[in-house]
Amino acid sequence: MSGDQLHNDSQIEADFRANDSHKHKDKHKDREHRHKEHKKDKEKDREKSKHSNSEHKDSSEKKHKEKEKTKHKDGSSEKHKDKHKDRDKEKRKEEKSKSSGDVKIKKEKENGFSSPPRIKDEPDDDGYYASPKEDSKPLKRPREEDDDEYKPKKIKTEDIKKSKKRKQEEEEDNKAKKTKSKDKKVPEGDNKKKKQKKEEEQKWKWWEEERYPEGIKWKFLEHKGPVFAPPYEPLPENVKFYYDGKVMKLSPKAEEVATFFAKMLDHEYTTKDIFRKNFFKDWRKEMTSEEKSTITNLNKCDFSQMSQYFKAQSEARKQMSKEEKQKIKEENERLLKEYGFCIMDNHKERIANFKIEPPGLFRGRGNHPKMGMLKRRIMPEDIIINCSKDSKVPPPPPGHKWKEVRHDNKVTWLVSWTENIQGSIKYIMLNPSSRIKGEKDWQKYETARRLKKCVDKIRNQYREDWKSKEMKVRQRAVALYFIDKLALRAGNEKEEGETADTVGCCSLRVEHINLHPELDGQEYMVEFDFLGKDSIRYYNKVPVEKRVFKNLQLFMENKQPEDDLFDRLNTSILNKHLQDLMEGLTAKVFRTYNASITLQQQLKELTTPDENIPAKILSYNRANRAVAILCNHQRAPPKTFEKSMMNLQTKIDAKKDQLADARRELKSAKADAKVRRDEKSKKTVESKKKAVQRIEEQLMKLEVQATDREENKQIALGTSKLNYLDPRISVAWCKKWGIPVEKIYNKTQREKFAWAIDMADEDYEF
DNA sequence: GTGGTTACTTAGTACTCCATTA
DNA sequence: TAATGGAGTACTAAGTAACCAC
């Protein structure tokens, strides 16, 4: 399988280049299917071995057994069926690997196996050092996760004073708030005071305060509960639904579900078999028995009038008058004000998602087996409220009650409910700008920085483990190598048939890699091709070390394409091992670490001191892009991409013409001044010169913009910026080069990273 | 070791709003 | 003044990983 190398960015190491996926997703379908069949077989086998004496041995299983026997011609039909149970096979295999491995290792030694090249270029100083700033400001100490039983540390007296003062202020603030909440209605007049207060709130520097002991997330929590989806509004009489060419009036319930489908009619989803099948099955559940007996074929349903009605409605919404739009906006603001905030430990904090997800049709990503199923309406009776005992419990809507009210301060969520598609729990939590999220974020980067201190040791260790006699250890070491080198996700096991068939490192299957002893002039190439999170394709050709290559060959021996590559490994085994190497270390820390260290290196490499601000920002974006490529953060190219690119090019051409004109004018002005030699003409020359300069700058800006946009066509920068890059690296870079931080982070991002903006100075080192 | 549950982070896309341009 | 386009936001799916009982 070959994919076209898409990201042709000279700045980025070829190793890290992942290929485009969106166009190729379909290619995987076939394979997925095959895999599913296979897995089903496997599952059955598992069941069988579990209840070996059970009465479940039906004919299909027998058939399957026979099938399996023919599959594995070497007679080892039970091989690879089960990861953890088949000890005999394991032994046999290990013996085999031992003998062949020994030979191989010897051979390598004879070949003069030299220490492998470094996985990633890293700054020469291997040791970690805290930034001088942190040394001088113990208050902003990087938090170590290892201080398990955290006791608020005594910090500089000065700072204690500060914090005490702040606390006093807060207490006063809180008192005021409490009295306020008692007599609720506050005259609209005190806007100024309110504003001031708001600003104070925004300026709250939680990162300078003491933390709670491990496990405790808050001491006081009060909120207004969730906002429910608006009730269903039946369609007007003139909007008809037709079945088999005849008008049919649907019951409200059936009609509501029908409108969900009608609203999606233009989407490709509604043409997919699984989607239609799932939808129809769930829709029928909502029908009256009469409807059920009439409506038996989705193909005979005509939703077109409904669809047109909704299109007209959305058109009308766009055409609304200013006043109407303003009214809606005000209503939304009112809702936000009332339900969008909570009080957590004396501070008003913004809630991220205070609105309950409305009912609709489930749209999974990729080839999701449950697409089209009905996401049912969430009622107060489904809702668990979490708040503190001494808070005012939010009242349920009239005539309803909550499923439960609990007071659990070991968790951060305010509201939860169980969703009906996967049976998973959904939560209402706080905004990223909140203390509770910020602290966690900060902690995450501190863990990644701790990894920096010991990453060399860990790398040496897994290199050693490639030679281990134990298959499990070898697999673990190779997997870890991939996670480290390629920033792959851990790859938890997933329930079969419940989700799209996607994989991560530990769940890679034989069919996801191709080994090439030589490819494109390089030795020991591994070609990856699989669907990762969100069914985004990961395609990459990577040269690996010989020992890794040989190990992979070994892991793949006698396996079917649908078999697990790392059959002795899962994420929990891997993470347990990582925990032993460093406290708090998990597979995902490697992604954070490698993303952040890459940004820091790339910024160092790409920033040229004498460049102007737009050029520096281009460099920043390129560094950011290198990370996004490493992490395989892709996006569908914007629908208007080609057009907007063309428009930009037109602008550039026009600017070029304008520049040529200005230069001509400058030339003639110069000639004129030479002849006249008066003040006026000199001034004209000066002003023409300035004009040329101005236009040159404008042109340059446009060109930079064009480059940036082109390079960004299929790469999403946001995800890494928000989740993987230690914001202090960016802040330090801004401070070092005099770039306003607003150029890198928008308002929301600045709120999220307020802690970093406040604490990092220009010589911060990750 | 496994399977189930829970809590939380990470992810891409659809929509909205607002500034700029024709 | 309407159209356009891009930045920012809202939404919610899909991951990771810890914990617990057996």
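Proteins come first, then strands; the chains are lettered A, B, ... in the order of their sequence lines, and each starts at number 1. Nothing here was measured: the structure is a model prediction, and the numbers come from that model.
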Contacts of type ring pair (Phe, Tyr, Trp, His ring centres under 6.0 Å), residue A:F354, not counting sequence neighbours:
none
Please state how far atom CG in A:L725 lies from atom C1' in B:dT9, giving the value in whole angstrom units.
15 Å
Rounded to whole Å, how long is the line connecting atom CG of A:L717 with atom C1' of B:dT13?
16 Å
A:R363 meets the salt bridge (Lys or Arg N to Asp or Glu O under 4.0 Å) criterion, sequence neighbours left out, with none
Does A:D484 use its side chain to pair, donor to acceptor, with the backbone of A:L480 at less than 3.5 Å?
no
Between A:D567 and A:Q475, does any side-chain donor sit less than 3.5 Å from a side-chain acceptor?
yes
With A:T502, the side chain to side chain donor-acceptor pair (under 3.5 Å) member among A:R489, A:K494, A:R537, A:R365:
A:K494
Examine B:dA11: is either OP1 or OP2 under 4.0 Å from a nitrogen or oxygen in the side chain of A:Y724? Give yes or no.
yes
Closest to the A:H267 side chain: B:dA14, B:dT10, B:dT6?
B:dA14
Between A:E333 and A:K337, is the closest basic N to carboxylate O distance under 4.0 Å?
no
Among C:dT9, B:dT13, B:dT9, the one nearest A:K437 by side-chain distance:
B:dT9
At 4.0 Å (heavy atoms only), tell me whether A:K329 reaches a base, stays on the sugar-phosphate, or touches nothing.
sugar-phosphate
Side-chain N or O of A:R750 closer than 4.0 Å to phosphate OP1/OP2 of C:dG8
no
Expressed as a whole number of angstroms, how long is the span from A:D567:CG to B:dG1:P?
15 Å
Length of the CG-P vector between A:N386 and B:dT6, whole Å
14 Å
Name the nucleic acid region contacted by A:K217, choosing base, sugar-phosphate or nothing; use a 4.0 angstrom heavy-atom cut-off, strictly under.
sugar-phosphate
note: A:Y745, atom OH; C:dT9, atom C1'; distance rounded to Å ~ 18 Å
It should be established whether A:N746 places a side-chain nitrogen or oxygen under 4.0 Å from OP1 or OP2 of nucleotide C:dG8.
yes
Nearest-Å distance, CD (A:E333) to C1' (B:dT16)?
14 Å
Please determine whether a side-chain nitrogen of the Lys or Arg among A:E357 and A:R377 lies less than 4.0 Å from a carboxylate oxygen of the Asp or Glu.
no
For atom CD1 of A:I428 and atom P of B:dC8, their distance in whole Å:
14 Å
Does A:K311 have any salt bridge (Lys or Arg N to Asp or Glu O under 4.0 Å) partners at least two apart in sequence or in another chain, and if so, which?
A:D266
Just the rounded figure in Å: distance from C1' of B:dT9 to CD of A:E439.
16 Å
What residues from residues 402-417 of chain A pass a heavy-atom cutoff of under 4.0 Å to DNA chain C?
none
Contact letters for nucleotides 12-22 of chain C, in which S counts primed atoms plus P, OP1 and OP2 and B counts the base, heavy atoms under 4.0 Å:
BBBSBBS----
Would you indicate which nucleotide in B:dA11, B:dA14, B:dC8 comes nearest to any side-chain atom of A:M429?
B:dC8
Taking only residues two or more places apart in sequence or in another chain, which ones pass ring pair (Phe, Tyr, Trp, His ring centres under 6.0 Å) with A:W218?
none
Separation between CD1 (A:I428) and CD1 (A:I383), nearest 0.5 Å, reads 6.5 Å
5' priority, DNA chain B, between A:S572 and A:Y427 [closest heavy atom]
A:S572
